[in-house]
Asks: 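Quick one: this structure, given as structure tokens, is what I'll be asking you about.
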Amino acid sequence: MKREADALFAQGSITEEDLKKIPSIDGAVMETMRLYPIAVAQMRTATRDLKFSVLVRGERRPGARA
């Protein structure tokens, strides 16, 4: 992998497409991103109101209180 990286960097500046051409480097980058994700937590916002139903004595009742 070191020889592949040295050959790649010897060409000058590299792009994401260059990294994808070398599977071992692409795999190492993907595994690193899996172990150490850039975004620790992603905030999510609902785009519409949600309605939940509740099981009461085995029967599903929309909007019932638990």
Asks: Give me the other members of the hydrophobic cluster that Leu35 sits in, counting Ile, Leu, Val, Met, Phe, Trp and Tyr linked by side-chain heavy atoms under 4.5 Å, directly or via other members.
Replies: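 Traced through the cluster, Leu35 reaches Tyr36.
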Asks: By side chain to side chain donor-acceptor pair (under 3.5 Å), which residues pair with Arg34, not counting sequence neighbours?
Replies: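 In terms of side chain to side chain donor-acceptor pair (under 3.5 Å), with neighbours along the sequence ignored, Arg34 is linked to Glu31.
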Asks: Between side-chain atoms of residues 5-16 and protein atoms elsewhere (two or more places apart, or another chain), which donor-acceptor pairs fall under 3.5 Å?
Replies:
residue	atom	partner	partner atom	Å
Asp6	OD2	Lys2	NZ	3.1
Thr15	OG1	Glu17	N	3.4
Thr15	OG1	Asp18	N	3.3
Thr15	OG1	Asp18	OD2	3.3

